[in-house]
Amino acid sequence: AFTNLPYVPDAGISCGANFVNSGPAGLLDGVSIVEGHEYAETLTDQNAGYGYWDNTSGYETGDECAWLTPGTSGGAQNVTFATGSFAMQSTWSNATSACEISAPIEAGRGTVNDFSIAASPSSGTVAQGSSTSVTVTTATVSGAAQRVALSVSGVPSGAIATFSPSSVVSGKSSVLTITASSDASVGAVPVTITGTATSGSNSTDYSLDVASPSV
């Protein structure tokens, strides 16, 4: 399934520019709102008319909630992701009979398993030729505890990252050790620590600064 989405930014307000944000920050509001709308319907109604829609009106999940004024019930708003904040519209929830940015799953379907992940401390420094450690904590946010496999990305060249243990049951912790070789790249880099479970993946950021050893 895919979305074919021609978009004309120079159409301005008629294509959603500045619908949520004013000035330059809102020039592409329509891009994220319209694509979020179509993406939601691609997921929930891939073969139009045979998927998930408003049980009362028969509209698809995005159409039912399109262009609701920001600040009103179910209105479009900024939603924060790891990559930034983007204007989005709500979609229809049969569980709450309303347009929602987020909502519990439909009644009778049980509780969704989910977990969180965090790094403590959230930043650290390691000298070339030495190691530093950070505690990676997980917690069960909803549903049952589940096995979380840990991975890391963004470690600079010449550095090695290892977890002990490499997977935990949500609610438990692991220690991430980053060892920098004598020729590891110097400088500050963002490192992403990711936990992956049956329910999906969650990530947390860790700022690592590789420094030259003191003379």
Side-chain angles (χ1 to χ4, degrees), residues 1-3 5 7 20-21 24-29 31-33 35-36 39-40 42-43 77-88 101-102 112-215:
F2 65 93
T3 298
L5 187 76
Y7 186 80
V20 174
N21 302 287
L27 294 180
L28 296 180
D29 280 2
V31 175
S32 53
I33 290 173
E35 176 51 26
Y39 177 69
T42 301
L43 291 178
Q77 66 182 68
N78 288 319
V79 178
T80 301
F81 297 87
T83 51
S85 182
F86 301 93
M88 290 185 64
I101 287 290
S102 63
V112 174
N113 294 334
D114 196 12
F115 70 96
S116 63
I117 185 170
S120 180
S122 59
S123 63
T125 300
V126 60
Q128 290 174 316
S130 63
S131 300
T132 188
S133 295
V134 54
T135 299
V136 179
T137 60
T138 64
T140 301
V141 174
S142 62
Q146 53 187 321
R147 175 66 61 176
V148 179
L150 301 171
S151 60
V152 62
S153 60
V155 176
S157 175
I160 299 174
T162 57
F163 289 97
S164 180
S166 59
S167 68
V168 295
V169 174
S170 54
K172 302 294 185 180
S173 300
S174 176
V175 174
L176 169 63
T177 300
I178 300 176
T179 302
S181 65
S182 59
D183 59 353
S185 298
V186 173
V189 294
V191 173
T192 301
I193 302 169
T194 301
T196 303
T198 303
S199 65
S201 298
N202 290 311
S203 299
T204 188
D205 295 327
Y206 176 75
S207 179
L208 176 68
D209 187 10
V210 179
S212 301
S214 300
V215 178

How long is the span from the [atom1] atom in [X] to the [atom2] atom in [Y], to the nearest 0.5 Å?
{"X": "Asp29", "Y": "Met88", "atom1": "CG", "atom2": "CE", "answer": "12.0 Å"}
{"X": "Tyr206", "Y": "Ser122", "atom1": "OH", "atom2": "OG", "answer": "8.5 Å"}
{"X": "Gln146", "Y": "Ser167", "atom1": "CD", "atom2": "OG", "answer": "12.0 Å"}
{"X": "Thr138", "Y": "Ile193", "atom1": "OG1", "atom2": "CD1", "answer": "12.0 Å"}
{"X": "Ser199", "Y": "Asp114", "atom1": "OG", "atom2": "CG", "answer": "5.0 Å"}
{"X": "Ser116", "Y": "Asn202", "atom1": "OG", "atom2": "CG", "answer": "7.5 Å"}

### Query
After noting the C-alpha distance and the side-chain angles of Thr162 and Thr179, does the key distance pass the side chain to side chain contact (heavy atoms under 4.5 Å, CB included) rule?
CA-CA 9 Å; Thr162 57; Thr179 302; 5.9 Å; no

### Task
Report the C-alpha separation of Leu150 and Leu176 in whole Å, then their side-chain angles, then the decisive distance to 0.1 Å, and conclude whether the side chain to side chain contact (heavy atoms under 4.5 Å, CB included) test is met.
CA-CA 9 Å; Leu150 301 171; Leu176 169 63; over 6 Å; no

### Query
Is the CD1 atom of Ile160 crowded by more than 12 outside heavy atoms at less than 6.0 Å?
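Counting other residues, nucleotides and ligands, CD1 of Ile160 stays at 12 neighbours or fewer.
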
### Task
Decide yes or no on side chain to side chain contact (heavy atoms under 4.5 Å, CB included) for Phe86 and Glu35, but give the supporting numbers first.
CA-CA 11 Å; Phe86 301 93; Glu35 176 51 26; over 6 Å; no

### Task
Would you tell me whether Thr137 and Ser173 have side-chain atoms, one donor and one acceptor, within less than 3.5 Å of each other?
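Judged by distance alone, the side chains do not pair up.
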
### Task
For Ser170 and Thr140, test the side chains for any donor-to-acceptor distance below 3.5 angstrom and give the result as yes or no.
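There is such a pair between these side chains.
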
### Query
Is a side-chain N or O of Ser174 found less than 3.5 angstrom from the main chain of Pro165, in a donor-acceptor match?
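Looks like yes, one N/O pair under 3.5 Å.
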
### Task
Please test Val189 against Val210 for side chain to side chain contact (heavy atoms under 4.5 Å, CB included), starting from the C-alpha separation and ending with a verdict.
CA-CA 8 Å; Val189 294; Val210 179; 5.6 Å; no

What is the minimum heavy-atom distance between [X] and [Y], and which atoms define it?
{"X": "Phe115", "Y": "Ala197", "value": "CE2-CB, 3.7 Å"}
{"X": "Pro156", "Y": "Leu208", "value": "CD-CD2, 3.8 Å"}
{"X": "Ile117", "Y": "Thr204", "value": "O-CB, 3.6 Å"}
{"X": "Ser85", "Y": "Thr80", "value": "OG-OG1, 4.0 Å"}
{"X": "Asn113", "Y": "Gly143", "value": "OD1-CA, 3.2 Å"}
{"X": "Ala127", "Y": "Ala180", "value": "O-CB, 3.9 Å"}

### Task
Compare all side-chain heavy atoms of Phe163 with those of Val152 and state whether any distance is below 4.5 angstrom.
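The answer is yes; the side chains approach within 4.5 Å.
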
#### Entry: Close side-chain approach of Val79 to Ile101, heavy-atom, < 4.5 Å
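SC-SC contact between Val79 and Ile101 confirmed.
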
### Task
Let me know which of Ser151, Ser201, Ser203 forms a side-chain hydrogen bond (donor to acceptor under 3.5 Å, both in side chains) with Thr196.
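With Thr196 as partner, Ser151, Ser201, Ser203 yield a single side-chain hydrogen bond (donor to acceptor under 3.5 Å, both in side chains), made by Ser201.
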
#### Entry: side chain to side chain donor-acceptor pair (under 3.5 Å) pairs, two or more places apart, involving residues 181-193
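Every pair satisfying side chain to side chain donor-acceptor pair (under 3.5 Å) with a residue in residues 181-193: Ser181-Asp183.
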
